[in-house]
Amino acid sequence: MEHIVLVGGGLASTYAAAQLRSAGYNGQVTILSEEAEQPYDHVPLSKDYLYGGQGHHRLYLRDADFYRQHGIDLELETPVTDLEPDTKTLHLGTGKTLRYSSVLLATGATPRRLDLPGADELAGVHYLRTLHDATALRHQLHESERVVVIGAGFLGCEVAASATMLGKDVTLISRSALPLQTALGEEMATVYRDLHAEQGVELLANTRAVALHGRGSVEQVSLDDGSRVQADTVVVAVGATPRSALAEHAGLQVNDGIVADASLATSAPAVFAAGDVASVRHPRTGRYERREHFNTARTQGKAAARSMLGEAVRYDSIPFFFTDQYEVWMEYTGSARGDTELVVHGDVSAQRFVAFWVDKGRLQAVMNVGLKGVPQIVRPLIRSGEVVTGHTLGNIVAQAQLADGGFTKPPNTG
């Protein structure tokens, strides 16, 4: 009997399983997850789940009955210890083995550790990746007054916002001059610097933490200028590394993730990769890209399922991500290089605007804040590469209802 195994209990595996069944696949489907929880969405962990808000994203990706009703074997607390591509065999931490006809490696990523004195010895130092991590951090935040967040990327900024909304005294340490500068560029990163400043966050820019101090629990963070910051809780958000050891040990090609072609196929027959762990060749640019975003894991999981069923797949989905910090919601569609022209329409101070990155008249990326419907409008323009004018950009903003209505956070309906 045909047996497709999905290694990893996250977004990519869950959406791959659903796609297999919706496509009419009648063989056996198994999801192997190391965690004790059924597959959940990581998006709320740094936001709604952390500060206890109402939330716009349900935590679990599917109801518990979904897996049973669709004949999907969900095996929790079941790590995979070895992969043998030659025999199409998986060795499990439970001592069992599984044979597969095709396998998807969607093992995700793990937080990059902070290699500093005190980081591994003191209590009160947190990393955020799993539901278990988020639960521990949520409890810690309620017991704390002074929170230091090391790292000013999206995760660090979201945690800083959540801690601030809980009434904590928050310090955000950034190696760059601005938070989110690498992702958004100087002008748009300034928007987020000002947003956090308005909420009372102390941003320490161009700064590195060099040591953590305390008697049993963290109490201070030493900085590279010789000063110290008081802290009851430290959250480390300095990036993540792909969990590709299983693939590497099995002899698959690995380079900042499991290398896969545009069909999500790896260097081993019948082995596919998707999500945070996958470095996928873009068919139009020829570049390998690894993106740690909800939409990437979702769309790659679906594409990998189709590919495993023998469909000719050419994965070239337009990148998309979003973030909400305080009451400000932002969506970003596409991918822009640092040398592209930035054109902004709308009221930046009111946090209702659209930013366009344009290269030689062609739209590369779009960021909308406080306005709805923009990604659906701009995706075809980004994909086609047609030349846009100022009039075109103005029409996009008009369609996004610049003068009327607000932005409603979309539900996570999958």
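These numbers come from a predicted model, not from an experiment.
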Please check: side-chain N/O of [X] versus main-chain N/O of [Y], any donor-acceptor pairing under 3.5 Å?
X	Y	value
D261	A265	yes
T233	S144	no
R306	G310	no
T14	P39	no
T323	M330	no
S13	G10	no
E121	G118	yes
R175	N206	no
R243	G108	no
H3	R99	yes

Contacts of type ring-ring contact (aromatic ring centres under 6.0 Å, His included), residue H70, not counting sequence neighbours: F66

So, taking the atom named [atom1] in [X] and the one named [atom2] in [Y], what distance separates them when rounded to the nearest 0.5 Å?
X	Y	atom1	atom2	result
L141	S162	CG	OG	8.5 Å
H132	L128	NE2	CG	12.5 Å
Y288	D256	OH	CG	13.0 Å
L252	S267	CG	OG	4.0 Å

[X] and [Y]: side-chain donor and acceptor closer than 3.5 Å?
X	Y	value
E158	S46	yes
N368	E331	yes
R138	Y49	yes
Y315	T299	yes

Aromatic plane relationship, Y60 with Y40 - under 30° parallel, 30 to 60° tilted, over 60° perpendicular: perpendicular

Does the side chain of [Y] come within less than 4.5 Å of [X]'s, by heavy atoms?
X	Y	result
Y326	M165	yes
I31	V7	no
L90	T97	no

Can you name the nearest heavy-atom pair linking [X] to [Y], along with the distance?
X	Y	value
G27	R21	O-NH1, 2.8 Å
L178	E186	CD1-O, 3.4 Å
V280	A262	CG1-CA, 4.5 Å
G151	V238	CA-CG1, 4.4 Å
A189	Q181	CB-CA, 3.7 Å
L172	C157	CD2-SG, 4.2 Å

Aromatic ring proximity, centroids under 6.0 angstrom, F356 and H345: yes

Check: F154 ring centroid to F321 ring centroid under 6.0 Å: yes

Residue from V148, D224, V149 passing side-chain contact (heavy atoms from CB on, under 4.5 Å) with I173: V148

Residue of the set L6, L264, I258 for which side-chain contact (heavy atoms from CB on, under 4.5 Å) holds with L105: I258

Audit row: F353, L371, side chain to side chain contact (heavy atoms under 4.5 Å, CB included) steps and yes/no: CA-CA 7 Å; F353 66 92; L371 301 174; 5.7 Å; no

Of K47, H196, Q199, the residue whose pairing with Q325 passes side chain to side chain donor-acceptor pair (under 3.5 Å): H196

NZ/NE/NH1/NH2 to OD/OE distance under 4.0 Å, [X] and [Y]:
X	Y	value
R68	D65	yes
D232	R146	yes
R129	D276	yes
D316	R383	yes

K88 vs S102, side chain to side chain contact (heavy atoms under 4.5 Å, CB included): CA-CA, chis, key distance, verdict: CA-CA 8 Å; K88 293 188 174 182; S102 294; over 6 Å; no

Derivation and outcome, side chain to side chain donor-acceptor pair (under 3.5 Å), residues R112 and T241: CA-CA 6 Å; R112 187 171 292 121; T241 56; 5.9 Å; no

Set of side-chain hydrogen bond (donor to acceptor under 3.5 Å, both in side chains) partners for D133, sequence neighbours left out: T130

Audit row: T340, Q364, side chain to side chain donor-acceptor pair (under 3.5 Å) steps and yes/no: CA-CA 8 Å; T340 52; Q364 302 295 306; over 6 Å; no

Residue pair I396, V378: steps toward the side chain to side chain contact (heavy atoms under 4.5 Å, CB included) verdict: CA-CA 8 Å; I396 292 171; V378 301; 3.9 Å; yes

Just list the side-chain donor-acceptor pairs under 3.5 Å for residues 74-82, sequence neighbours left out, or say none.
from : atom 1 : to   : atom 2 : distance (Å)
T78  : OG1    : L76  : O      : 2.8
T81  : OG1    : H91  : O      : 3.0
D82  : OD1    : H249 : ND1    : 3.2

Evaluation steps, side chain to side chain contact (heavy atoms under 4.5 Å, CB included), between D73 and Q28: CA-CA 8 Å; D73 298 324; Q28 189 174 356; 3.2 Å; yes

